Amino acid sequence: MSTSYLIKGATIATGEAGVDVLVSDGRIADRGRSLSAAGAVVLDADGLILLPGMVDIHTHLREPGREDAETVESGTRAAALGGYTAVHAMANSMPVADTAGVVEQVHALGRRAGWVDVRPVGAVTVGLAGERLAELGAMAESRARVRVFSDDGICVSDPVLMRRALEYVKAFDGVVAQHAQEPRLTEGAQMNEGAVSAVLGLAGWPAVAEESIIARDVLLAQHVGSRLHVCHVSTAGSVDIIRWAKQRGVKVTAEVTPHHLLLTDELVRSWDPVYKVNPPLRTNDDVTALREALADGTIDVVGTDHAPHPSEHKECEWAQAAMGMTGLETALSVVQHSMIETGLMDWSRFADATSILPARIGRVETQGRPLEVGEMANLTLVDPAARWTVDPHKMATKGRNSPFAGLELPGAVVATFFAGHPTVLEGRLNTPHPDAQGE
């Protein structure tokens with residue numbers, strides 16, 4: 001018989017305080033006030049916020065093939081510590097997740113680890129080469145039940161191929177998640193094109209390279225009546241295009257990363273490759289536009305784009321450094337810092353952007369659910385008053401490439417419940433789900 005847990009006196013995302021929630025047999029067994037349950041482990045949640053478990057729409061777990069950077073085990077431990085109960089694992093592994101066999105392998109690794117629900121993202125094109133469609137239908141029908149497809153890291157730049165992908169996924173209510181980057185406009189680019197790149201003498205990455213692809217793709221999505229998701233939006237112009245598309249009824253959703261909500265290209269003046277990322281850090285005006293767009297729902301969700309790298313791939317000269325930043329263990333705190341503490345967002349909108357809407361976009365039925373009796377107990381318990389200093393060497397991820405190292409941030413995950421089991425308790429890893437198993 002599994003252990004029951006009674007969460008006492010929590011505040012939920014709507015602001016209702018003093019809520020008790022009983023977790024038993026994987027589900028929310030009761031909710032109310034002054035609850036008691038014989039034999040249950042009691043968690044004092046006075047002053048804490050209880051949220052639906054966080055869902056990341058954009059995670060790089062690197063396995064198979066790049067286990068020196070991350071594994072499903074290490075990445076999902078990091079996810080649990082960050083308050084996540086589900087992650088979507090991007091396809092740019094080695095081999096690429098472009099067949100039913102590879103996505104089933106990633107799915108099985110996630111089940112065996114048991115820290116979070118791992119949902120593989122299937123590649124749009126074979127080998128991410130942008131030449132022909134991958135086995136979209138086979139991946140959708142596999143045990144992994146793939147519903148999100150992306151060549152993330154590489155843009156599906158061929159408009160005919162992108163149209164075909166959008167048409168294909170309609171058959172099983174899938175979504176194409178586009179990495180918007182016109183390759184001909186970014187050849188050799190090293191950072192955002194602007195005043196800082198001119199001073200540093202680095203090849204610039206113009207905003208229009210992102211915006212032109214988004215403009216094209218929302219029109220394609222409108223034409224075929226399919227679902228489009230825009231990965232890691234980074235410019236004010238992109239926000240304008242997405243807002244226009246939504247006003248026209250296009251089925252488009254979008255994400256923003258925590259680092260694009262906080263950091264700007266001014267940091268590149270340090271020449272520290274930890275700030276090298278794709279898409280690049282933009283200007284303060286872009287950051288302001290992204291924050292406002294997330295607040296008003298033009299940008300639907302926060303996606304971490306967690307991208308761990310071995311130290312030798314980041315601790316080198318700028319031109320040779322890999323692009324990417326870690327994010328799973330800092331996302332909640334960065335969003336609290338940049339959105340909630342600035343008054344742009346409340347905890348209800350936070351729950352929408354980090355749990356409810358990512359689950360809907362990825363068609364993950366058991367995640368992002370309301371905190372009601374009978375629902376699967378995927379939960380995150382947060383101490384909003386906590387303060388902590390980011391130390392990459394104390395993180396569960398293998399990647400040490402956090403751009404927030406040394407920064408004091410608010411908010412800390414106290415507990416994470418995955419399918420009713422506490423993977424994190426008192427801010428520390430507990431145990432994986434007891435039903436974790438390979439397939």
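Note that the structure is a prediction, hence the values are computed from the model and not measured.
At a cut-off of 3.5 Å, with distance as the only test, no side-chain donor of Trp347 or Gln336 sits close to an acceptor on the other residue. No hydrogens or angles considered: a donor-acceptor pair under 3.5 Å links the side chains of Thr235 and Glu211. Side chains of His58 and Asp305: a donor on one and an acceptor on the other come within 3.5 Å.
Taking every heavy atom of both residues into account, Val23 and Ala377 meet most closely at CG1-CB, 3.7 Å. Contact record, Thr76 with Glu73: OG1-O, 3.2 Å, taken as the closest heavy-atom pair. The nearest pair of heavy atoms linking His88 to Val55 is CE1-CG1, 4.0 Å. A pairwise comparison of heavy atoms in Cys316 and Ala321 identifies SG-CA, 3.5 Å as the closest pair. Taking every heavy atom of both residues into account, Gly9 and Asp20 meet most closely at N-OD1, 2.8 Å. The two atoms that bring Gly82 and Leu332 nearest to each other are O-CB, 4.3 Å, heavy atoms only.
A salt bridge links Glu16 with Arg31; the closest basic N to acidic carboxylate O contact falls under 4.0 Å. Classification of Arg111 and Asp435 as a salt-bridged pair fails, no side-chain N sitting under 4.0 Å from a carboxylate O. The residues Arg363 and Asp173 are annotated as salt-bridged, a charged nitrogen and a carboxylate oxygen being separated by less than 4.0 angstrom. Under the 4.0 Å criterion applied to side-chain N and carboxylate O atoms, Glu70 and Arg62 are not assigned as salt-bridge partners. Note on Glu372 versus Arg27: no salt bridge recorded, every NZ/NE/NH1/NH2 to OD/OE distance being 4.0 Å or above. A salt bridge between Glu266 and Arg269 is present, with a side-chain N of the basic residue lying under 4.0 Å from a carboxylate O of the acidic one.
Residue Lys276 holds its NZ atom at 4.5 Å from CE of Met323, rounded to the nearest 0.5 Å. To the nearest 0.5 Å, atoms OG1 (Thr264) and OH (Tyr275) are separated by 10.0 Å. Between the CG atom of Asp98 and the CG atom of Asn92 there is a distance of 11.5 Å, given to the nearest 0.5 Å. Arg282 CZ to Thr288 OG1: the interatomic distance, rounded to the nearest 0.5 Å, is 15.0 Å. Taking NZ of Lys8 as the start and OG of Ser34 as the end, the distance is 5.5 Å to the nearest 0.5 Å. Taking CG from Leu328 and OG from Ser402, the interatomic distance works out to 11.0 Å, rounded to the nearest 0.5 Å.
The side chain to side chain contact (heavy atoms under 4.5 Å, CB included) test with Leu371 singles out one residue from Leu51, Leu50, Ile7, Val21, and that residue is Leu50. The salt bridge (Lys or Arg N to Asp or Glu O under 4.0 Å) test with Asp300 singles out one residue from Arg349, Arg360, Lys246, and that residue is Lys246. Between Leu344 and the choices Ile340, Thr342, Asp346, the side chain to side chain contact (heavy atoms under 4.5 Å, CB included) rule is met once, by Thr342.
The backbone N or O of Asp352 lies less than 3.5 Å from no partner atom in the side chain of Ser355, so there is not a single donor-acceptor pair. The main-chain N or O of Pro410 is found under 3.5 Å from a side-chain atom of Ser333 such that the two form a donor-acceptor pair. Although no hydrogens or angles enter the test, the distance criterion places a donor-acceptor pair under 3.5 Å between the side chain of Asp56 and the main chain of Thr304. Counting only distance, with no hydrogens or angles, the side chain of Asp30 and the backbone of Leu22 share no donor-acceptor pair below 3.5 Å. Judged purely by atom type and a 3.5 angstrom limit, Thr125 uses its side chain to pair as donor or acceptor with the backbone of Gly130. Side-chain atoms of Thr380 come within 3.5 Å of backbone atoms of Gly83 as a donor-acceptor pair (strictly under, hydrogens ignored). At distances below 3.5 Å, not a single donor-acceptor pair connects side-chain atoms of Asp151 with backbone N or O atoms of Ala123. Side chain of Glu210 to main chain of Pro279: no donor-acceptor pair is present (N/O by atom type, distance under 3.5 Å, no hydrogens or angles). Under a 3.5 Å cut-off, the side chain of Thr186 and the backbone N or O of Ala189 do not form any donor-acceptor pair. Ser238 contributes no side-chain N or O that, together with a main-chain N or O of Ser234, makes up a donor-acceptor pair within less than 3.5 Å.
The number of heavy-atom neighbours closer than 6.0 Å to CD of Glu187, taken from other residues, nucleotides and ligands shown, is 12 or below.
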Go through Asp68 and Lys398 one step at a time and tell me if the salt bridge (Lys or Arg N to Asp or Glu O under 4.0 Å) criterion holds.
CA-CA 8 Å; Asp68 59 328; Lys398 284 189 172 185; over 6 Å; no

Checking His309 against Thr326 for the side-chain contact (heavy atoms from CB on, under 4.5 Å) test, could you report, in this order, the C-alpha distance in whole Å, the side-chain angles of both residues, the deciding distance, and whether it holds?
CA-CA 8 Å; His309 290 290; Thr326 61; over 6 Å; no

Determine whether Arg66 and Ser93 satisfy the following criterion, side-chain contact (heavy atoms from CB on, under 4.5 Å), listing intermediate values before the conclusion.
CA-CA 7 Å; Arg66 300 170 65 185; Ser93 52; 5.6 Å; no

So Gln190 and Trp318, side-chain contact (heavy atoms from CB on, under 4.5 Å) or not? Walk me through it.
CA-CA 8 Å; Gln190 293 288 310; Trp318 180 276; 3.2 Å; yes

Show, in sequence, the C-alpha distance, side-chain angles and deciding distance for Met376 and Arg369, and conclude whether the side-chain contact (heavy atoms from CB on, under 4.5 Å) test is met.
CA-CA 8 Å; Met376 188 72 74; Arg369 303 294 301 165; 5.7 Å; no

Would His306 and Thr59 count as a side-chain hydrogen bond (donor to acceptor under 3.5 Å, both in side chains) here? Give the steps.
CA-CA 5 Å; His306 174 77; Thr59 304; over 6 Å; no

Can Gln178 and His229 be said to form a side-chain hydrogen bond (donor to acceptor under 3.5 Å, both in side chains), step by step?
CA-CA 6 Å; Gln178 175 68 294; His229 180 72; over 6 Å; no

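Side chains of Asn192 and Leu281 form no contact here, defined as non-hydrogen atoms less than 4.5 Å apart. Contact of the Val364 side chain with the Asp117 side chain is registered, since non-hydrogen atoms from C-beta on lie closer than 4.5 Å. Side-chain contact between Val302 and Phe350 is absent, with no heavy atoms from C-beta onward closer than 4.5 Å. You'll find the side chain of His107 stays beyond 4.5 Å of the side chain of Val118, heavy atoms only. Inter-residue side-chain proximity for Arg291 and Ser338 is flagged as met; some heavy-atom pair is nearer than 4.5 Å. Within the 4.5 Å cutoff, the side chain of Thr298 has heavy atoms near those of the Val239 side chain. With contacts defined as side-chain heavy-atom distances shorter than 4.5 Å, the pair Ile242/Val233 qualifies. Within the 4.5 Å cutoff, side-chain heavy atoms of Val277 are placed close to those of His259.
The ring-ring contact (aromatic ring centres under 6.0 Å, His included) analysis of residues 399-421, with sequence neighbours excluded, yields the pairs Tyr5-Phe417, Phe418-His433, His421-His433.
In this structure, the side-chain hydrogen bond (donor to acceptor under 3.5 Å, both in side chains) partners of His179, at least two apart in sequence or on a different chain, are Asp152, Gln181, His232, Asn278.
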